[in-house]
**Student:** 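The structure's right below; bear with me while I get my questions together.
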Amino acid sequence: MAESMGKDGGDGELKLLGLWASPFVARAKLALQIKGLSYEYVEEDLGNKSELLLSSNPVHKTVPVLIHNGTPVCESTVIVQYIDDAFAGTGPSLLPADPYQRALARFWAAYLEDKIVTPWRRVFMVKTDEEKAEAMRQTVAAMDALEGGLKECSSGGGGQSPFFGGDSVGYVDVLLGGMVSWVKASEPLSGAKIIDAARTPLLAAWMERFCELDAAKAVLQDVHAVVEYARTVQARVAAATASNQ
């Protein structure tokens, strides 16, 4: 299935290979939407991967993959930076020009991937309730430091700005923003709030602001649909585990 989305960027052909439920694909969509770029979206069936996907991402064989004028770019964090670099003259910049602020954004982006995304993904893949609870505990605990990261990144001019990127959405906002539907789905799925206003009030307020953005409204998945998708995936993992015992 393919569809054209976004506005005309005028800088060559863009095609995004994705899966509707993927928070990592949502990151790429958000970056493209914020930059106002036109692209063709191709929905992939990861149970029956296309030849285009396999040839474009032979290392990981997964989505997202951005194809720009026939050249593939893989991994969501790399794709978002590539979009910002390749279309520097189009739309707002996602990474700041100042070297220190740029380094700060990359630091918190790496923290997000290593300390939050890694254990959070395990919640949906591990076999026992104890393993799931531990993975969720690590994820929620890591949000405390990210709360400090938001305060650090958004502090400027003596006041508190609304986003990691300051007054406008930046690199870290896009990476965390792509996960928002899954963050909201985690409570009905696991009973745990990843972002809790009582524990991380800045992040909770950030999430509300982010969801009001036009780009977020255009891209983010329906939370109920994500919950149903996740339950299907978890049932598949449980069935595979049972058959191997």
Side-chain angles (χ1 to χ4, degrees), residues 19-27 29-30 46 62-64 76-77 107-154 160 162-164 169 171-213 216-217 219-242 245:
L19 175 73
W20 73 269
S22 168
F24 309 106
V25 173
R27 291 169 164 180
K29 287 182 176 181
L30 283 167
L46 297 186
T62 191
V63 293
S76 63
T77 55
F107 172 86
W108 286 111
Y111 178 88
L112 174 62
E113 295 306 289
D114 184 40
K115 300 300 184 182
I116 295 174
V117 173
T118 297
W120 172 72
R121 292 180 82 166
R122 285 204 300 270
V123 172
F124 302 97
M125 304 307 295
V126 293
K127 299 174 183 178
T128 69
D129 289 341
E130 291 78 10
E131 288 174 313
K132 288 179 183 177
E134 176 58 20
M136 183 57 75
R137 186 198 66 76
Q138 291 176 11
T139 304
V140 172
M143 280 292 179
D144 291 349
L146 191 64
E147 173 93 345
L150 174 57
K151 187 172 183 179
E152 182 180 16
C153 289
S154 62
Q160 196 74 34
F163 298 107
F164 283 91
V169 170
Y171 181 49
V172 182
D173 296 289
V174 171
L175 299 188
L176 183 59
M179 299 166 58
V180 161
S181 292
W182 280 87
V183 166
K184 291 183 176 182
S186 288
E187 187 173 5
L189 285 169
S190 67
K193 275 188 178 182
I194 294 179
I195 294 179
D196 186 351
R199 181 171 181 146
T200 52
L202 293 179
L203 283 173
W206 169 89
M207 188 162 66
E208 286 187 14
R209 283 191 298 271
F210 190 87
C211 288
E212 289 303 310
L213 296 172
K217 291 177 180 179
V219 167
L220 293 182
Q221 308 95 327
D222 176 76
V223 175
H224 297 296
V226 168
V227 170
E228 291 306 309
Y229 174 82
R231 285 176 174 155
T232 300
V233 171
Q234 287 177 324
R236 193 182 307 138
V237 171
T241 301
Q245 289 177 343

**Student:** If we ignore hydrogens and angles and just use 3.5 Å, is the side chain of Gln221 paired with the main-chain N or O of Ser22 as donor and acceptor?
**Tutor:**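 Answer holds: yes.
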**Student:** Find the distance between CD (Glu187) and CG (Asp196) and round it off to the nearest 0.5 Å.
**Tutor:** 8.0 Å
**Student:** Might you point out which heavy atoms bring Pro119 and Ala135 nearest each other, and give the distance in Å?
**Tutor:** O-CB, 3.4 Å
**Student:** NZ/Lys29 to CG/Leu220 distance, rounded to the nearest 0.5 angstrom?
**Tutor:**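 One finds 10.0 Å between NZ of Lys29 and CG of Leu220.
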**Student:** Which distance, rounded to the nearest 0.5 Å, do you find between the CG of Leu202 and the CD1 of Ile195?
**Tutor:**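 The CG atom of Leu202 sits 11.0 Å away from the CD1 atom of Ile195.
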**Student:** Ignoring hydrogens and angles, tell me if any N or O in the side chain of Trp206 forms a donor-acceptor pair with the backbone of Glu147 under 3.5 Å.
**Tutor:**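 No: the side chain of Trp206 does not pair with the backbone of Glu147.
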**Student:** Is there a side-chain contact between Phe164 and Phe210 in this structure, where contact means two heavy atoms from C-beta onward sitting under 4.5 Å apart?
**Tutor:** no
**Student:** Compare every heavy atom of Arg231 with every heavy atom of Pro188, then report the nearest pair and how far apart it is.
**Tutor:** O-NH2, 3.6 Å
**Student:** Any side-chain heavy atom of Arg199 sitting closer than 4.5 Å to one from Lys193?
**Tutor:**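 Counting from C-beta outward, Arg199 and Lys193 never come under 4.5 Å.
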**Student:** For Arg209, I'd like to know if atom CZ has over 12 heavy atoms of other residues, nucleotides or ligands within 6.0 Å.
**Tutor:** yes
**Student:** With sequence neighbours excluded, what pairs up with Glu113 under the salt bridge (Lys or Arg N to Asp or Glu O under 4.0 Å) test?
**Tutor:** Arg27
**Student:** Could you check Lys115 against Gln138 for side chain to side chain contact (heavy atoms under 4.5 Å, CB included), going step by step and ending with a plain yes or no?
**Tutor:** CA-CA 8 Å; Lys115 300 300 184 182; Gln138 291 176 11; over 6 Å; no
**Student:** Taking atom CG of Leu146 and atom CG of Leu176, what is their separation to the nearest 0.5 Å?
**Tutor:**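 Spacing of CG (Leu146) from CG (Leu176) equals 6.0 Å.
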**Student:** Return the CZ to CD distance between Phe107 and Glu152, rounded to the nearest 0.5 Å.
**Tutor:**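 Nearest 0.5 Å value for the CZ-CD distance: 8.0 Å.
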**Student:** Using only atom types and a distance under 3.5 Å, with no angle test, would you say the side chain of Tyr171 pairs donor to acceptor with the backbone of Thr77?
**Tutor:**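 At least one qualifying donor-acceptor pair exists.
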**Student:** So which of Leu213, Val172, Leu150 actually passes side-chain contact (heavy atoms from CB on, under 4.5 Å) with Phe163?
**Tutor:**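 Exactly one pass, corresponding to Leu213.
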**Student:** Do Arg137 and Glu134 meet the salt-bridge criterion of a basic N to acidic O distance under 4.0 Å?
**Tutor:**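 A salt bridge links Glu134 with Arg137.
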**Student:** Residues in salt bridge (Lys or Arg N to Asp or Glu O under 4.0 Å) with Asp222, at least two apart?
**Tutor:** none
**Student:** Is there a donor-acceptor pair under 3.5 Å between the side chain of Tyr111 and the backbone N or O of Ala142?
**Tutor:** yes
**Student:** Rounded at 0.5 Å granularity, tell me how far CH2 in Trp120 sits from CG in Leu112.
**Tutor:**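 So the CH2 of Trp120 and the CG of Leu112 are separated by 9.5 Å.
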**Student:** What closest approach, in Å, do Val25 and Pro64 show between heavy atoms, and which atom pair accounts for it?
**Tutor:**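 Nearest pair, atom of Val25 first, then Pro64: CG2-CB, 3.8 Å.
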**Student:** Exactly one of Thr232, Val227, Val226, Val233 should register a side-chain contact (heavy atoms from CB on, under 4.5 Å) with Tyr229. Which one does?
**Tutor:** Val233
